[in-house]
2 protein chains.
Amino acid sequence: MGAEVPTGSLSASQLYAALKRDLIGGRFATGQKLAITALKQHYRVGLSPLREALNRLAAYGLLEQESQRGFRVPALKRTELDDIADLRQRFEGQALEQALEAGGDEWEAGLLAAFHRLKRADEVSGQLDHWEQMHLQFHRHLLEPCGSPWLLRFIEQLHDQFDRYRRMAPANDAVRTMLNDQHGQLVDLAMARDIAAARGLLEEHIRLSYEVAQGACQENRRSGGSNEGESEREGGSVPGA
Amino acid sequence: MGAEVPTGSLSASQLYAALKRDLIGGRFATGQKLAITALKQHYRVGLSPLREALNRLAAYGLLEQESQRGFRVPALKRTELDDIADLRQRFEGQALEQALEAGGDEWEAGLLAAFHRLKRADEVSGQLDHWEQMHLQFHRHLLEPCGSPWLLRFIEQLHDQFDRYRRMAPANDAVRTMLNDQHGQLVDLAMARDIAAARGLLEEHIRLSYEVAQGACQENRRSGGSNEGESEREGGSVPGA
DNA sequence: ATGATATAAAAAATCGATTTTTACTATGGC
DNA sequence: GCCATAGTAAAAATCGATTTTTTATATCAT
């Protein structure tokens with residue numbers, strides 16, 4: 001069994017984070033019903049905190065809850081990915097414009113730092129989860145001063161949903177290099193406060209990611225494990241039964 | 001104690017709905033910590049389903065959860081209302097345009113029916129909760145064919161948040177009449193597929209509602225109970241302790 | 001008299017067991 | 001031979017009690 005939970009039992013928020021990470025990371029078979037007993041043993045927690053975490057994740061949209069029939073991992077649907085990508089372009093484009101108008105010196109400094117960490121994480125292969133974390137933090141920091149907490153909340157939610165698709169899709173090193181280059185260009189345009197160009201590039205960035213993510217929908221690939229060819233994560237997929 | 005839960009114990013989804021309704025309806029003191037034991041007795045449910053419902057509501061944004069310190073009703077903040085109203089204008093404006101392009105005959109029929117129910121509910125005073133339900137359903141139906149489930153989800157979430165403010169604000173019959181008139185005008189413009197005018201009116205509708213809702217923020221009014229002068233709901237506010 | 005620490009009371013979170021509901025299977029009827 | 005129904009097994013949901021954490025109070029030292 002996976003070694004994602006090495007030490008003693010987790011706190012409630014740690015459990016939520018671990019479950020969220022594993023759901024977005026594609027370690028559960030999509031469309032499959034979750035086996036509560038197996039999860040309980042895997043994460044070494046009791047029933048109550050587990051069910052509370054699952055309820056929160058269901059409200060967040062990373063799980064589906066059927067009345068008396070437990071929890072289910074939502075299937076990956078092409079139409080839903082289209083919806084998510086489209087909204088990401090609009091929401092993040094809008095947020096970026098506002099962020100470029102509001103961001104100050106401290107934000108610029110933090111953006112450079114976040115970009116640096118992202119580059120470093122990219123150089124060190126076999127640290128998939130760490131790169132994902134830095135990548136999320138970079139995009140989050142980029143939009144942070146936009147001034148709309150609710151918009152940022154929705155953007156984060158869509159980003160998480162989008163990543164379910166992207167991380168299930170087969171890797172494409174050529175496109176990945178392009179996407180990484182765009183991060184640097186985004187920093188440059190943001191520092192130059194070129195609002196129109198920056199928004200255009202961010203939308204193109206999302207469009208390109210969308211093309212990659214589409215690979216997750218094509219032949220209804222089931223079973224968890226987006227980590228073929230990766231060596232960082234020793235634990236396999238979480239058993240469903 | 002309130003008679004909101006007349007018969008035997010509620011199912012999990014009913015409990016969630018009842019809590020959500022009472023939170024949006026302003027029956028809890030804002031900023032106040034929830035007393036789990038009191039809630040348990042009031043809704044006649046056990047601890048587990050109650051906690052699961054509270055967790056879902058916290059993920060939805062109608063409650064705040066502090067680590068080991070229970071659940072708290074979020075305070076009403078002027079800046080947050082501004083944020084919510086601004087996003088509502090943008091999201092619902094966008095959704096309306098798409099809905100007017102996509103909605104078919106069946107949708108038109110349903111819209112007329114929803115509007116009729118809303119008018120009827122308005123005529124019968126002392127049915128506050130029923131009017132609120134019809135009002136929500138009208139706005140939901142108006143935007144439903146927009147083609148973006150995630151956008152509709154966010155719109156609904158913002159609408160619920162907005163209503164926390166609106167229902168806490170003092171009533172204003174003159175403005176209320178204007179708002180009701182706008183519903184009819186919205187139907188007319190929607191049927192005529194006048195996209196620009198309809199979007200403009202919907203944004204104005206939200207702006208006017210926003211002016212009403214601002215009344216909830218002015219002097220940090222605490223304590224639940226937005227139903228002064230209403231006789232429909234016999235149960236008072238839910239006790240916090 | 002004020003501040004800090006220890007103690008006690010209250011509340012939240014978790015656990016183990018029970019109850020209820022669902023899904024599967026086998027048997028009987030058509 | 002196929003469909004329907006009853007019975008059994010498995011899983012989910014709920015309950016009551018225990019454990020842990022927090023908060024308020026009182027006492028002691030400075």
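Reckoned from all heavy atoms, side chains included, excluding hydrogens, waters and symmetry mates. Fair warning: this is a prediction, and the values are worked out from it, not measured in the lab.
Here the CZ atom belonging to A:Phe71 is positioned 10.5 Å from the CD atom belonging to A:Glu66, to the nearest 0.5 angstrom. Note that CD of A:Gln65 and CZ of B:Arg56 are 5.0 Å apart. Values are rounded to the nearest 0.5 Å.
For the pair A:Lys40 NZ and D:dA11 P, the interatomic distance rounds to 12 Å; values are reported in whole Å. Between the CG atom of A:Leu47 and the C1' atom of C:dA13 there is a distance of 13 Å, given to the nearest Å. Atom OH in B:Tyr43 sits about 16 Å away from atom P in D:dC15, given to the nearest Å. Between the OH atom of A:Tyr16 and the C1' atom of C:dA13 there is a distance of 18 Å, rounded to whole Å. Here the P atom of nucleotide C:dT14 and the CZ atom of A:Arg44 are 17 Å apart, to the nearest Å.
Within a 6.0 Å radius of CZ in A:Arg120, no more than 12 heavy atoms belonging to other residues, nucleotides or ligands are found.
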Grab the N/O contacts between the protein and nucleotides 6-12 of chain C below 3.5 Å, and write none if there aren't any.
{"residue": "C:dA12", "atom": "OP1", "partner": "B:Leu34", "partner atom": "O", "Å": "3.3"}

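Residues A:Arg90 and A:Asp86 are paired through a salt bridge, judged by an N-O separation under 4.0 Å between the basic side chain and the carboxylate.
Annotation: proximity of residues 52-63 of chain A to DNA chain C (heavy atom, distance under 4.0 Å) is found for no residue.
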Item to check | Audit row: B:Arg72, B:Gln32, side chain to side chain contact (heavy atoms under 4.5 Å, CB included) steps and yes/no | outcome: CA-CA 6 Å; B:Arg72 183 174 295 277; B:Gln32 183 184 317; 5.7 Å; no

